[in-house]
Amino acid sequence: MVQIKSVGVVGAGQMGSGIAHVCALGGYDVLLHDVSAERISSGLSQIEKNLSRQVVRGLIDQAAMDQALERIKPAQELQAVGAVDLAIEAATEDEEVKKTIFKALTPHLGPKTLLASNTSSISITRLASASDRPERFIGLHFMNPVPLMNLVEIIRGIATDAETYEAAVSFAQSLGKTTANAEDFPAFIVNRILVPMINEAIYTLYEGVGTVDAIDTALKLGANHPMGPLELGDFIGLDTVLSIMNVLYEGLADSKYRPCPLLVKYVEAGWLGRKAGRGFYDYRGEHPVPTR
Ligand code: NAD
């Protein structure tokens, strides 16, 4: 069985910082990399903020928080990440960006290093082909926010070997997560179902069937969803939602997955949701205000 002690995380955004957070709390040594020192430090401050919140809620104690923070080290250079036992890529949902990362990382990998991608939708088999080790490559799809959500979807590429799969499952379980296996088809299980629903909610808005407020209220109270679909789209990031719809549309060649033009417009405007301060809601004031 592969022994995992150290984890590298590439991408220090919402997901990368969440993954680094749970790995450090789980006792792993973590290297966190992003394209700039500023991005890494904003990821680190997010982790500190989220850990403090857990301390205030009594979920962890101060000593656990301090130890977790000590275990996370910034990695300015991607090469440094090659030395870990498991490298998890959590960069922007763009196939070229991800493949470039795996290609650049490959010459620096230890012989036994396992590779994983946190992609929401892109083929694990295709991403694995950008590395030198498709048999040691797997999809580890964490949910947002990582410290709170219990699921990790596990996706084997065509070449992923049994040892890598077993190591991935026991790694996810060691973080207190439950795993679900998905086959390597566009958007796997969760996002194959969830993201077309969000896209449909955007069509509902686009066609004037309801306002932002009416659509979110209807799904929260009418379907017992904890968040409305537009609020959820903003939470995920509308650029990520659009990329996933494009992967579904192209990968399954079915027009039912076409992205709503209004979603495209929001992304073109840079209104990417919560992380950008504006999406279907404007988050810059005290309370979110619908933007339509
Ligand atoms: P994000 O925009 O918050 O963060 C992406 C980060 O990747 C940014 O900090 C960016 O600077 C960095 N990045 C871009 N190119 C890079 C490169 N070449 N090298 C290193 N870092 C690079 O996005 P996110 O929401 O954290 O999503 C990251 C991944 O996680 C995507 O694949 C996404 O599909 C997946 N994911 C997202 C969610 C979600 O709800 N947002 C849930 C599960 C999985």
Side-chain angles (χ1 to χ4, degrees), residues 8-22 31-47 50 74-82 87-106 108 115-124 126-127 130 139-155 172 177 180 182 186-195 197-198 226-227 229 231-248 267 270-277 279:
V9 180
V10 179
Q14 318 188 84
M15 293 306 291
S17 62
I19 294 167
H21 172 143
V22 297
L31 285 177
L32 184 60
H33 172 78
D34 204 301
V35 289
S36 65
E38 292 74 42
R39 289 279 169 94
I40 301 174
S41 62
S42 97
L44 289 170
S45 353
Q46 192 59 49
I47 295 170
N50 293 342
Q76 311 291 351
E77 306 297 330
L78 178 67
Q79 290 95 292
V81 175
I88 306 174
E89 170 279 314
T92 312
E93 186 73 351
D94 176 310
E95 186 163 337
E96 281 321 303
V97 167
K98 291 180 185 296
K99 280 184 166 165
T100 305
I101 290 170
F102 287 117
K103 271 188 203 137
L105 197 52
T106 292
H108 308 285
L115 292 177
S117 175
N118 183 52
T119 178
S120 301
S121 61
I122 300 166
S123 162
I124 295 302
R126 280 209 307 275
L127 292 178
L140 272 180
H141 182 214
F142 288 84
M143 306 291 133
N144 186 20
V146 184
L148 298 185
M149 299 288 283
N150 285 328
L151 182 73
V152 177
E153 217 174 352
I154 306 234
I155 308 104
K177 307 295 186 197
F188 322 125
I189 297 172
V190 174
N191 288 323
R192 167 85 176 257
I193 299 168
L194 185 66
V195 175
M197 182 200 69
I198 294 172
M227 283 174 123
E231 196 187 352
L232 182 57
D234 275 0
F235 185 69
I236 293 170
L238 298 179
D239 52 338
T240 302
V241 171
L242 177 59
S243 297
I244 297 170
M245 285 311 298
N246 281 327
V247 168
L248 282 166
V267 173
W271 292 15
L272 306 181
R274 245 174 212 282
K275 65 183 173 187

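These numbers come from a predicted model, not from an experiment. Indexing begins at 1, ligand by ligand and atom by atom, following the structure's order.
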Option set E153, Q46, E93, M149, criterion heavy-atom distance to atom 32 (O) of ligand 1, minimum: E93
Under 3.5 Å: N/O of K275 near N/O of ligand 1: yes
Location of contacts on F235 toward ligand 1, heavy atoms closer than 4.0 Å: neither
Nearest heavy-atom neighbours spanning I122 and F188: O-CZ, 3.4 Å
Contacting atoms of ligand 1, where contact means under 4.0 angstrom from a heavy atom of G13: 3 (O), 4 (O), 6 (C), 9 (O), 26 (O)
Sub-4.5 Å side-chain heavy-atom contact between L32 and R39: no
Distance (rounded to the nearest 0.5 Å) between L127 CG and K98 NZ: 7.0 Å
Backbone or side-chain N or O of S120 under 3.5 Å from ligand 1 N or O: yes
Protein heavy atom at shortest distance from atom 11 (O) of ligand 1: R39 NH1, 2.3 Å
Minimum-distance protein heavy atom relative to atom 37 (C) of ligand 1: M15 CG, 3.3 Å
Which segment of T92 sits under 4.0 Å of ligand 1 when only heavy atoms are counted: both
Side chains of E153 and H141, donor plus acceptor under 3.5 Å: yes
CG-CG distance between L140 and N118, expressed to the nearest 0.5 angstrom: 8.0 Å
For H141, atoms of ligand 1 separated by under 4.0 Å from a heavy atom: 43 (C), 44 (C)
Side chains of S17 and Q46, donor plus acceptor under 3.5 Å: no
For atom 41 (N) of ligand 1, the protein heavy atom that lies nearest, with its residue and separation: I236 O, 2.8 Å
Nearest protein heavy atom with distance in Å, relative to atom 20 (C) of ligand 1: V10 CG1, 3.7 Å
Nitrogen or oxygen of N144 less than 3.5 angstrom from that of ligand 1: yes
T119 neighbourhood, listing ligand 1 atoms whose heavy-atom distance to it stays under 4.0 Å: 32 (O)
Ligand 1 contact by G237, heavy-atom criterion under 4.0 angstrom: no
Closest protein heavy atom (residue, atom, distance) for atom 16 (C) of ligand 1: V35 CG1, 3.5 Å
Closest approach of L78 to H33 (non-hydrogen atoms, all atoms of both residues): N-CE1, 3.4 Å
Geometric N/O contact D34 with ligand 1, under 3.5 angstrom: yes
Heavy-atom closest contact (A75 atom, V81 atom, distance): CB-CG2, 4.3 Å
Distance (rounded to the nearest 0.5 Å) between L31 CG and I88 CD1: 12.0 Å
Interatomic distance, I47 atom CD1 to H21 atom NE2 [nearest 0.5 angstrom]: 8.0 Å
Pairwise distance CG(N191) to OG(S243) - rounded to 0.5 angstrom: 11.5 Å
K275 bridged to D234 by N-O distance under 4.0 Å: no
Rounded distance (nearest 0.5 Å) linking atom CD of E95 with atom CG of N246: 12.0 Å
Close approach of M143 to ligand 1, heavy atoms, under 4.0 angstrom: no
Candidate with minimal heavy-atom separation from atom 28 (C) of ligand 1, of A91, G16, G43: A91
Closest protein heavy atom to atom 3 (O) of ligand 1, given as residue, atom name and distance to 0.1 Å: Q14 N, 3.0 Å
F142 versus M15, closest heavy-atom pair with distance: O-CE, 3.3 Å
Nearest protein heavy atom with distance in Å, relative to atom 30 (O) of ligand 1: N118 ND2, 3.0 Å
Heavy atom of the protein closest to atom 15 (N) of ligand 1 (residue, atom name, distance): V97 CG1, 3.6 Å
Short N or O distance, K98 and ligand 1, threshold 3.5 Å exclusive: yes
Which of the ligand 1 atoms, numbered from 1, are nearer than 4.0 Å to a heavy atom of G11: 7 (O), 21 (N)
Residue part near ligand 1, for I101, under 4.0 Å between non-hydrogen atoms: side chain
